[in-house]
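Worksheet: the structure to be examined is printed underneath.
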Amino acid sequence: MTVSLLLMVILVAAAMPYLCATTKQVRSLAMIGSTSIFLLSLFVGIPALFAPAAVTGAGLWYIDALGGFFVLLIGFVQWTGTLVSMTYMKEEEAHGTVTAAKVKRYFVLLHLFVLAMMLAVVSNNTGIVWVALEGTTLVTTLLVGFYERKESLEAAWKYLILCSSGIAFGFLGILVMFYAASTTGAEGVIGMTWSGSALLEAALPVSVVKIAFVLLLIGFGTKVGLVPMHAWLPDAHSSAPSPISGMLSGVLLNAALLPILRFKNIVDGVAAPGWTDQLLIVFGVLSIALPAAFVLVQRDYKRLLAYSSIEHMGLITLSAGLGAIGSVAATIHIAGHALAKSALFFAAGNILLKYHSTKFENVSGVTRILPYTGGLFLVAFLALLGVPPSPLFASEYFMAAAAIGTHPYATGAVFLALTIVFAGFVRLLMPMLFGESPDRGGRERWNISHTAITLNIVLLIGLGIALWIAPGEAIIQRIAEII
Amino acid sequence: MSAQLTFDLPTLFACGMLLLSLIMVSRMRLSSLVGIFRYQSALLAIYAVILAISHDEPELLAVALFIALVKVVLIPAFLIRVAKQNGVSERLDSYLRPTTSTSVGLVAILLAFAGAEATFATSAGLIIVACVFALILTGLILLITRKDMFGQGIGFLVMENGIYAFGLALAGGMPIFVELAVLFNLLALTVLMVLLFRVAQKVHSSVSTEHFKRLID
């Protein structure tokens with residue numbers, strides 16, 4: 001009931017802009033809508049962290065601790081993302097970059113995007129999970145191409161075609177899995193549900209299930225941005241309006257990873273131990289190594305953040321393939337990356353509004369010109385690099401602890417790549433934040449976007465501390481057990 | 001007799017769909033490409049009808065009806081209309097010559113048959129599975145080798161036809177609400193592609209993907 005209500009509220013929030021006469025009303029209703037969604041996500045997500053897996057809504061929804069965790073993350077990031085969007089769209093409209101009609105369309109699409117993501121993480125039917133994830137592609141293509149410039153068109157087309165054709169292989173994987181379930185005598189919809197697959201797993205044919213998992217990993221891995229299926233990601237995440245970039249990098253990539261983690265569980269119940277882990281480790285290491293090369297040559301700070309998302313999804317994927325300790329690392333990293341990266345993109349939006357450029361050569365002295373934004377950007381940037389008390393320090397520490405004994409060469413390669421990324425980030429972002437810059441007039445005033453970014457950072461640091469106390473540790477452990 | 005008939009007809013239709021996609025790989029005219037896609041989708045719809053009758057699953061008739069409506073009527077008509085309205089060139093572009101494309105398509109078919117035999121050797125209707133694998137691969141070839149948005153878009157639709165046929169052939173059709181949701185997604189995706197064709201025509205006066213070289217590291 002609560003899940004259905006949550007989805008209904010998101011749908012209503014998506015329809016609201018068309019009932020408004022002015023963009024001020026649109027923004028106000030968007031804030032009310034997103035706050036309601038956030039509060040409802042607490043009602044759905046928090047109980048799920050402490051309860052066993054449950055199928056509700058006449059079999060439509062499947063919620064366990066992992067699902068609840070994702071609901072909470074999406075609920076929180078969509079809330080801060082909408083708060084940031086309020087000032088972002090207000091400024092864009094004031095500058096004449098977007099029209100009032102476009103502001104309305106933006107908030108409709110934002111909420112439809114949230115709806116599709118939420119549906120993807122709560123749905124019991126794997127076919128609907130796929131439809132919802134493809135739905136996120138369709139909705140966000142319009143947001144990637146929002147400005148209708150040459151670059152936006154290119155990014156939107158690549159995103160639509162590459163993501164849709166990639167994720168089509170995920171659908172093929174779902175069909176093969178459904179076929180595998182049908183060979184066990186399962187009839188009807190049961191073979192296409194998380195709850196049903198868990199019951200059937202012991203009887204599933206190994207060879208068919210393995211083929212299915214490879215297809216699923218390629219398909220959903222495209223949406224996660226795993227190398228070599230990542231080509232669309234830097235373009236799409238850097239071309240979208242910044243609050244949307246934050247939500248794409250912060251939560252959508254994780255939402256696409258969830259089906260991989262769930263299918264991994266099913267396949268692990270059938271195939272030889274470690275078979276799926278090997279695949280995840282290969283894709284994880286590739287996804288960490290490749291961005292390291294691109295970080296060094298970046299000239300655009302939004303693209304730099306996008307490449308960093310590929311690297312962090314690589315770290316999560318690698319951790320998920322490293323057994324029990326790795327699962328704890330993956331859980332912490334999912335939350336830490338979601339909060340830090342969305343905060344960075346939100347702050348990048350403020351920088352873009354002031355400097356009208358995403359090129360490093362045109363942006364300098366941010367901490368002097370935009371002291372609040374610059375300060376928050378710096379804290380989120382240090383958190384992303386894993387400086388304590390960031391939870392990403394803990395996750396990378398656990399990942400290293402899990403990997404060093406069993407995969408020493410891969411661990412070495414990963415830490416080499418992380419060092420290059422660290423150096424690249426410092427080399428590019430420090431001049432941007434602290435370099436000389438002519439005065440651009442007008443002292444920055446604290447606004448709701450700063451409050452939203454601060455909320456992200458407070459939760460991030462809170463999570464970093466909560467990991468080391470018993471209740472926080474127990475919750476992470478519960479989520480990690482499912483991975 | 002009827003059992004023999006129902007076994008042969010699906011194989012015949014799967015082979016027919018594959019043959020059409022092989023023809024598409026070498027076609028460079030927009031109307032020709034869309035027309036063949038229409039015939040291919042019609043075969044897919046008839047294939048669903050045959051399965052509905054042979055497996056006694058009446059809900060597959062509804063699926064067939066929706067396939068016909070979306071893939072045979074709406075999508076092709078939509079694509080042709082938008083191309084005419086926006087003055088899109090009838091001549092499409094490819095990285096490969098037609099003969100080379102056909103050769104690559106034939107290699108893909110051989111690979112698909114080898115792959116299907118290696119992975120689904122025990123399942124009934126191996127030829128059908130091989131055909132739909134080949135269909136997906138030929139769609140992928142169209143998508144990769146074409147230098148224009150229309151060609152790439154139709155390549156994706158062919159790939160999707162292959163996946164749909166795979167669902168019907170191997171899994172005996174998905175739950176109907178999933179089938180309908182997938183078709184709805186496809187329709188929405190086509191609308192989106194058309195929107196982007198229009199923006200491209202406005203911005204570049206062309207739907208060629210050769211213009212897409214600005215976002216490179």
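Lettering follows sequence order; numbering is per chain, from 1.
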Portion of A:Ser239 that has a non-hydrogen atom of chain B nearer than 4.5 angstrom: side chain
Most chain A-contacting option - heavy-atom pairs closer than 4.5 Å, from B:Leu196, B:Ile136, B:Thr209: B:Leu196
Polar side chain donor-acceptor pair, A:Tyr159 to A:Thr140, under 3.5 angstrom: yes
Residue selection (most heavy-atom pairs with chain B, distance under 4.5 Å) from A:Lys210, A:Glu151, A:Arg299, A:Lys158: A:Glu151
Under 4.5 Å from a heavy atom of chain B, the part of A:Ser164 involved: both
Contacting region of B:Phe197 [heavy-atom separation from chain A under 4.5 Å]: side chain
Side chain B:Ser94, main chain B:Thr145, donor-acceptor under 3.5 Å: yes
Interface residue of largest heavy-atom contact number with chain B, from A:Ala155, A:Ser165, A:Ser152, under 4.5 Å: A:Ser165
A:Trp232 side chain to A:Gly225 backbone, donor-acceptor under 3.5 Å: no
Among the listed options B:Leu189, B:Val199, B:Val203, the residue most often paired with chain A at heavy-atom distances under 4.5 Å: B:Leu189
A:His237-A:Ser245 side chain donor-acceptor pair, cut-off 3.5 Å: no
B:Leu143 portion near chain A, given a 4.5 angstrom heavy-atom threshold: side chain
Closest contact, heavy atoms only, A:Ser309 versus A:Ser249: OG-OG, 2.7 Å
Stepwise ring pair (Phe, Tyr, Trp, His ring centres under 6.0 Å) check, A:Tyr106 with A:Phe146: CA-CA 8 Å; A:Tyr106 174 88; A:Phe146 190 68; 5.7 Å; yes
